[in-house]
Amino acid sequence: MTTDAQSQEVTDGFHLVIDALKLNGIDTIFGLPGIPISDLARKAQAAGMRVISFRHEQNAGNAAAIAGFMTQMPGICLTVSAPGFLNGLVALANATTNCFPMILISGSSEREVVDLQQGDYEEMDQLAIAKPLCKAAFRVLHAEDIGVGIARAIRAAVSGRPGGVYLDLPARLFPQSVDAEAGRKSLIKVVDPAPRQIPAPDAVQRALELLKSARRPLILLGKGAAYARADADIRALVEKTGVPYLPMSMAKGLLPDTHEQSASAARSYVLPEADVVMLVGARLNWLLSHGKGKTWGGRNPKDWGGQKFIQIDISPQEADSNVRIDAPLVGDIGSCVSALLTGIGANWAKPPADWLAAIAERKNKNLAKMAETLAKDPTPMNFHSALAVVRDIIKANPDACLVNEGANALDFTRSIVDMYKPRKRLDVGTWGVMGIGMGFSVAAAVVSGQPVIAIEGDSAFGFSGMEVETICRYNLPVCVVIFNNNGVYRGTDVNPTGGPDVAPTVFVKGARYDKLMEAFGGVGVHATTPAELRKSMEEAIRSRKPTLINAVIDETAGTESGRITSLNPQSAKKK
Ligand SMILES: Cc1ncc(C[n+]2csc(CCOP(=O)(O)OP(=O)(O)O)c2C)c(N)n1
Ligand SMILES: [Mg+2]
């Protein structure tokens, strides 16, 4: 078409960004308005997108990241320049670390002024700063390039190993006008943005032979397996092979935690005893003690325990990151698991009975011990008696999402609360980061439409607590339960000098977080017994009203750093 023949109608940068996102099926933006992106947010809402405004960009970023995990589509976080961008950056880096697809879109100031460092309003070379913290970073200077910019950002976020992408949109881009028809033509609807990666047949064969040779096999399911949405095939692989499995935290519920092949309650037995371990979308990072050391039966922290590993991962660089991987299986998890299933056929021999019996014996013993602990009703309430309630509530409401952060509040919840459906447990992930709570809760409610239960340490909650206003503003069915033990890990530390400041881990005693929720029109509950906790949680689920329950927990009940006390460096100086 010649210039003369073009329509009189014009479009601009604002509309092209929105049109490009919508064209690619993206219908929600999590963000925080201000110069230069306020009108982008307004126009996106006017164009029918869901625009969820937060009180701090980190929470909007965490919302985008977990929306990406839940949907396999990049979650969008929209921020202003410099400080807003920096506030969003922690979430972007966390998303990349956790392989959650998200795009942080930040407005930025004029390139000329930034590049000459002339001191603009919120001036910062954002692209350069974002680069080392994300999978890819792009900048669009001309409205005609918006289609390409968004397409590249989407592909980078979801293809291969997913992650965070930064997209820099300078203020001057938005009002640039373009002929409407030319603008439309410049947009790209991405075709097959996360292409399947079929594993090589010889790699499949190698993995099957190793698995077949095992006397004490074990399958480890990571959150990559949960992300893959290959739920039925993964379940079939576990059940057809009869191999016991352990879910990593965010893979809980991929198979119901009550599944008879789950070895979670015998974790400390199966890890050192297994001879062949198949990792499915799980990395051998610190959460698995790097695949070596005492956890795995090695004598010293760096010693290999003697296990052979099959590792299914989309990244060819993952294998051998910590210990030797004898059978790397590179491809997308769905394709790899499906190829294994084909190879397994109908007559696969189940693991030796003595291995299964030994696991069952430990598991039953530990489950019985746990049941005994959970049945107690101490005063004040402790983590166990409170979590016995949460466990029942999730059992009765398996479609609810469970968001979880804290130290003891995290570790006890993970081990006590069974999950029944995939991608319902959303937590601190690879970094063990605090601050995901309310961002994840908002996104989980918006994306799933299901009730959300957030089990929060009182310290953990503080990182994103102001977003209870956001929860009330959008009237989301979120029930926040704060395990209030007056501090970080415990509320009992004292200042050794006897001075007026409290210890660094201690908060205001007896704080009433429930009042915070009431300030914005939500339901606040002060619960000191399991019965009160149960009643208020049931009511929150039933009513779908924004609710915050201040659950008072024995301040002496926790341990330093929860389960990871051993990672604390110890002072060499004794006195
Ligand atoms: C961003 C960030 N800052 C600090 C920490 C260190 N940290 C780990 S757990 C935790 C809070 C633990 O206290 P709480 O949430 O009250 O849980 P509790 O053990 O008391 O149940 C902190 C501050 C972290 N993981 N992430
Ligand atoms: Mg606490």
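Just follow the structure's listing: the first ligand is 1, and inside any ligand the first atom is 1.
Taking any N or O of Gly487, backbone or side chain, at least one lies under 3.5 Å from an N or O belonging to ligand 1. Inclusion of Asn408 in the set of residues having an N or O under 3.5 Å from an N or O of ligand 1 is warranted. The shortest N or O to N or O distance between Gly432 and ligand 1 is under 3.5 Å. Between Tyr489 and ligand 1, an N or O atom pair is found at a separation short of 3.5 Å.
Counting only heavy atoms of the protein, atom 23 (C) of ligand 1 lies nearest to Ser459 OG, 3.8 Å. Distance from atom 16 (O) of ligand 1 to its nearest protein heavy atom, with residue and atom name: Asp458 OD1, 2.6 Å. In terms of protein heavy-atom proximity, atom 4 (C) of ligand 1 is nearest to Phe463 CZ, 4.1 Å. In terms of protein heavy-atom proximity, atom 17 (O) of ligand 1 is closest to Ala407 N, 3.2 Å. Ranking the protein heavy atoms by distance from atom 24 (C) of ligand 1 puts Met434 CG, 3.5 Å first. In this structure, the protein non-hydrogen atom closest to atom 21 (O) of ligand 1 is Ala409 N, 3.0 Å.
Contact atoms of ligand 1 toward Asn485: 18 (P), 20 (O), 21 (O) (distance under 4.0 Å to a heavy atom of the residue). For ligand 1 and Phe383, the ligand atoms under 4.0 Å from any heavy atom of the residue are 21 (O). Atoms of ligand 1 found under 4.0 Å from any heavy atom of Ala460, numbered from 1 in the order shown, are 15 (O).
With 2.8 Å as the limit, Gly487 counts as an N, O or S neighbour of the Mg ion (ligand 2).
Annotation for Met517 and Val523: closest pair CG-O, 3.5 Å, computed over non-hydrogen atoms. Closest heavy-atom contact between Val51 and Tyr474: O-OH, 3.4 Å.
The Mg ion (ligand 2) lies at the vertex of an angle of 90° between the OD1 atom of Asp458 and the OD1 atom of Asn485 (rounded to 10°).
A distance of 6.5 Å separates CZ in Arg362 from NZ in Lys365, rounded to the nearest 0.5 Å. Rounded to the nearest 0.5 angstrom, Glu467 CD and Asn62 CG are separated by 10.0 Å.
Remark: the Ser321 side chain and the Arg283 side chain contain no N/O donor-acceptor pair separated by less than 3.5 Å. For the residue pair Asn382 and Ser385, a side-chain donor N or O sits within less than 3.5 Å of a side-chain acceptor on the partner. Counted by atom type alone, Thr470 and Arg473 present one or more donor-acceptor pairs between their side chains at under 3.5 Å. Donor-acceptor pairing under 3.5 Å is recorded for the side chains of Glu532 and Thr528.
For atom 11 (C) of ligand 1, a protein heavy-atom neighbour is present inside the 4.0 Å cut-off.
Two rings, from Phe100 and Tyr227, have their centers 6.0 Å or more apart.
Taking a cutoff of 4.0 Å between a charged side-chain nitrogen and a carboxylate oxygen, Arg563 and Asp411 do not qualify as a salt bridge.
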